[in-house]
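This is a predicted model, so every value here is computed, not measured.
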Amino acid sequence: MSTDAEEIEAAVEERRLWLDKQLEAAAARLAVSLIGEPVNTFDMRSAGAVGRDASGKVWLRVVVEDPDYEPVCRWDGNVAANAILGVAKPSVLRWVDWRHSDAYLRGRRLRGEVMTLAPGSTVAPGGVLHGAAGLPITWWEELRRSLAVLETYPLNWHDELGAVAATIGGARQHFDVTLTEEDFAGTSWTTAHADLHWGNVRRPELCILDWESWRPAFAGYDLATLYCTSLLHPPTAQRLRAMPELQTRSGHLALLSVICRYLWVVGSGSDWDLLEPHLRTEGENLLKTLRPARR
C-alpha cells in the first residue's frame with residue numbers, strides 16, 4: 001500500500017513527464033529544436049528549455065492554464081510585457097495557444113512561447129539567496145534603472161487583485177494584528193514585476209525573468225521581494241533594506257504585504273521555509289511602526 005508521500009511523488013513525476021511532452025509539442029508548433037534539458041517550475045505549471053530556431057539560440061517555454069493561479073498569474077503576462085521598453089528582460093518573439101485533447105488535463109489551454117535567451121545564469125534557482133551573489137556594481141545600477149523605468153509604466157488599475165485586503169488578512173492571521181483600510185490611505189502605487197525573487201534574476205548582466213505577474217503594487221514592492229528573499233544573507237539584505245523606497249510608509253506596507261504573502265507558503269518543504277523566523281521578526285517590527293498605538 002502506497003503512502004501519501006509516494007502518491008504525491010508519483011503525481012509530480014506524472015506531471016513532469018506530461019509537461020516535457022507539451023514542451024516537445026510546443027517546439028514542433030513553433031519550429032524550434034530543443035537543445036537543452038527541460039527546467040520545470042516548482043508548481044509544475046510550466047517548463048522551459050534552451051532551443052534553436054532560424055535566428056539562433058532561444059528559450060522555449062510552455063505553460064498550462066490553471067484557474068487557481070489566475071488572475072495573479074496573467075495568461076498573457078509575458079506577451080503583454082513586450083510593451084514595456086527600457087527594462088532588462090527577455091522578449092517574446094512568437095507564441096501559440098492550443099487545447100489539450102488527451103485524457104490527462106483534457107481541455108486545458110496551453111501556450112508555447114519563443115523568447116530571447118537571457119544571458120548568464122540565474123542567481124539562486126530556488127528563489128532564496130543563501131550567500132554572496134558576487135554581483136558587480138553595474139548589476140545593481142541596472143536594477144535601479146530598470147525598476148525606475150518599470151514603475152512609471154502606465155496602468156489604469158491598482159488594487160483589483162486585493163492587495164490591501166490580502167495584507168489586512170495576513171496581518172491578522174500571522175501576527176494577530178488588526179489593520180483597516182484607513183492604514184493604507186495615501187499609499188503610493190507603482191507598476192511592479194511583483195515576483196522579483198532571486199530565481200527570477202540573472203547574473204553577471206541583469207536580466208529579469210518571468211513576467212506573468214506584473215501589475216500595480218505598493219511602491220517599493222519589487223525591492224521588498226528581493227529583500228525578503230535575501231534575509232539568509234544579511235549583507236545583501238541590509239543593502240536592499242537601506243534603499244530609499246523601503247524607508248517610506250508605502251515601502252513599509254510593501255514589505256508587510258510581501259512578508260504576509262511569503263508566510264502563506266511556509267511549510268511547502270522548500271527553501272522558503274528557512275525564511276520564516278526572519279520574516280516574522282521583520283513583520284513584528286514593521287507593525288510596531290505602522291500601528292504604534294493600537295495592536
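Residues Tyr221 and Glu245 fail the side-chain proximity criterion, which asks for heavy atoms closer than 4.5 Å. Phe218 is not listed as a side-chain neighbour of Leu255, based on a closest heavy-atom distance of 4.5 Å or more. Counting only heavy atoms from C-beta outward, the side chains of Glu181 and Ile168 approach each other to under 4.5 Å. For the pair Val114/Val32, a side-chain contact is recorded, criterion being any heavy-atom separation below 4.5 Å from C-beta on. Side-chain contact between Val265 and Leu275: absent, with no pair of heavy atoms (C-beta onward) separated by less than 4.5 Å. Counting heavy atoms from C-beta outward, His252 and Leu290 have side chains that approach closer than 4.5 Å. Inter-residue side-chain proximity for Leu110 and Val62 is flagged as met; some heavy-atom pair is nearer than 4.5 Å. Here the side chains of His174 and Trp264 are in contact, with some heavy-atom distance below 4.5 Å.
Side-chain contact, Ser33 with Arg52: no donor N or O sits under 3.5 Å from an acceptor N or O. Judged purely by distance below 3.5 Å, without hydrogens or angles, the side chains of Tyr227 and Glu282 pair a donor atom with an acceptor atom. For the 3.5 Å distance criterion, the side chains of Trp198 and Ser230 qualify, holding a donor opposite an acceptor.
Geometrically, Arg239 engages Trp140 in a cation-pi contact defined by less than 6.0 Å to the ring centre and at most 45° from the axis. A cation-pi arrangement is absent between Arg109 and Trp98 under the rule of less than 6.0 angstrom and at most 45 degrees off the ring axis.
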Candidate pair Leu147 and Leu196, rule side-chain contact (heavy atoms from CB on, under 4.5 Å), full reasoning: CA-CA 11 Å; Leu147 292 185; Leu196 193 62; 4.1 Å; yes

Evaluation steps, side-chain contact (heavy atoms from CB on, under 4.5 Å), between Val128 and Tyr262: CA-CA 11 Å; Val128 176; Tyr262 287 164; over 6 Å; no

Stepwise side-chain contact (heavy atoms from CB on, under 4.5 Å) test for Val87 and Tyr153: CA-CA 11 Å; Val87 173; Tyr153 185 84; over 6 Å; no

Worked check of side-chain contact (heavy atoms from CB on, under 4.5 Å) between Leu179 and Leu256: CA-CA 11 Å; Leu179 298 176; Leu256 181 62; 3.7 Å; yes

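Between Glu142 and Arg145 a salt bridge is recorded (basic side-chain N to carboxylate O distance below 4.0 Å). A salt bridge between Glu141 and Arg144 is absent, with no side-chain N of the basic residue lying under 4.0 Å from a carboxylate O of the acidic one. Comment: Glu284 does not engage Arg280 in a salt bridge, judged by the lack of any side-chain N to carboxylate O separation of less than 4.0 angstrom. With salt bridges taken as basic N to acidic carboxylate O contacts below 4.0 Å, none links Glu212 and Arg74. A salt bridge links Asp53 to Arg94: at least one charged side-chain nitrogen sits closer than 4.0 Å to a carboxylate oxygen. Taking a cutoff of 4.0 Å between a charged side-chain nitrogen and a carboxylate oxygen, Asp102 and Arg106 do not qualify as a salt bridge. Salt bridge status for Asp66 with Arg45: absent, with no side-chain N to carboxylate O gap under 4.0 Å. In this structure, Asp195 pairs ionically with Arg261, as a charged nitrogen and a carboxylate oxygen lie closer than 4.0 Å.
In terms of hydrophobic clustering, with Ile, Leu, Val, Met, Phe, Trp and Tyr side chains grouped at heavy-atom distances under 4.5 Å, Leu60 and Ile35 are assigned to different clusters. Cluster annotation: Leu30 is not connected to Trp59 through the hydrophobic network of ILVMFWY side chains, with a link wherever side-chain heavy atoms come within less than 4.5 Å. When the side chains of ILVMFWY residues are joined at heavy-atom separations under 4.5 Å, either directly or via intervening members, Val164 and Phe175 end up in a single hydrophobic cluster. When hydrophobic clusters are built by joining Ile, Leu, Val, Met, Phe, Trp and Tyr residues whose side-chain heavy atoms come closer than 4.5 Å, directly or via intermediates, Leu117 is grouped together with Val79. Following chains of ILVMFWY side-chain contacts shorter than 4.5 Å, one can reach Leu226 starting from Leu232, so the two form part of one hydrophobic cluster.
Applying the 6.0 Å contact sphere to CH2 of Trp95 captures no more than 12 heavy atoms from other residues, nucleotides or ligands. Counted within 6.0 Å of CD on Glu205, heavy atoms from surrounding residues, nucleotides or ligands total 12 or fewer; the atom is thus considered open. More than 12 heavy-atom neighbours from other residues, nucleotides or ligands sit within 6.0 angstrom of CD on Glu13.
Between the side chain of Thr248 and the backbone N or O of Gly251 there is at least one donor-acceptor pair closer than 3.5 Å. Within the 3.5 Å criterion, the main-chain N or O of Arg241 finds a donor-acceptor partner in the side chain of Gln247. Not one N or O on the side chain of His278 forms a donor-acceptor pair closer than 3.5 Å with the backbone of Thr229. The backbone N or O of Gly120 sits less than 3.5 Å from a side-chain atom of Arg202, completing a donor-acceptor pair. Looking only at distances, no side-chain donor or acceptor of Thr187 sits under 3.5 Å from a matching main-chain atom of Ser250. At least one donor-acceptor pair closer than 3.5 Å links the side chain of His233 to the backbone N or O of Ala132. At least one donor-acceptor pair closer than 3.5 Å links the side chain of Ser146 to the backbone N or O of Ala88. Judged purely by atom type and a 3.5 angstrom limit, Arg108 uses its side chain to pair as donor or acceptor with the backbone of Glu65. Side chain of Asp183 to backbone of Thr180: a donor-acceptor contact under 3.5 angstrom is found.
Within the model, atoms CG of Asp210 and NE2 of His193 stand 5.5 Å from one another, a figure rounded to the nearest 0.5 Å. We find the SG-CG distance between Cys207 and Asn200 to be 10.5 Å, quoted to the nearest 0.5 Å. A distance of 6.5 Å separates OG in Ser55 from CG in Leu93, rounded to the nearest 0.5 Å. Once rounded to the nearest 0.5 Å, the distance linking CG of Leu206 with CG of Leu135 reads 9.0 Å. Between the CG atom of Leu253 and the CG atom of Leu286 there is a distance of 8.5 Å, given to the nearest 0.5 Å.
Evaluated for a side chain to side chain contact (heavy atoms under 4.5 Å, CB included) with Met115, the options Asn78, Leu209, Val58, Asn82 yield exactly one hit, Asn78. For the side chain to side chain contact (heavy atoms under 4.5 Å, CB included) with Leu129, the lone residue among Leu231, Asp271, Thr236 that qualifies is Thr236.
Taking both residues in full, the closest heavy atoms of Ala219 and Ala254 are given as O-CB, 3.7 Å, listed atom of the first, atom of the second, then distance. Of all non-hydrogen atoms in Ala49 and Gly36, the two that sit nearest each other are CB-O, 3.7 Å. Leu19 and Ser46 make their closest contact through CD1-O, 4.0 Å (heavy atoms, listed as atom of the first residue, atom of the second, distance). Residues Ala192 and Leu150 share a closest heavy-atom pair of C-CD2, 3.8 Å. Scanning both residues, Pro38 and Asp20, for their nearest heavy atoms gives CB-OD1, 3.5 Å. Heavy-atom minimum distance, Leu155 versus Pro216: CD1-CD, 3.5 Å.
The aromatic ring centres of His197 and Trp272 sit less than 6.0 Å apart.
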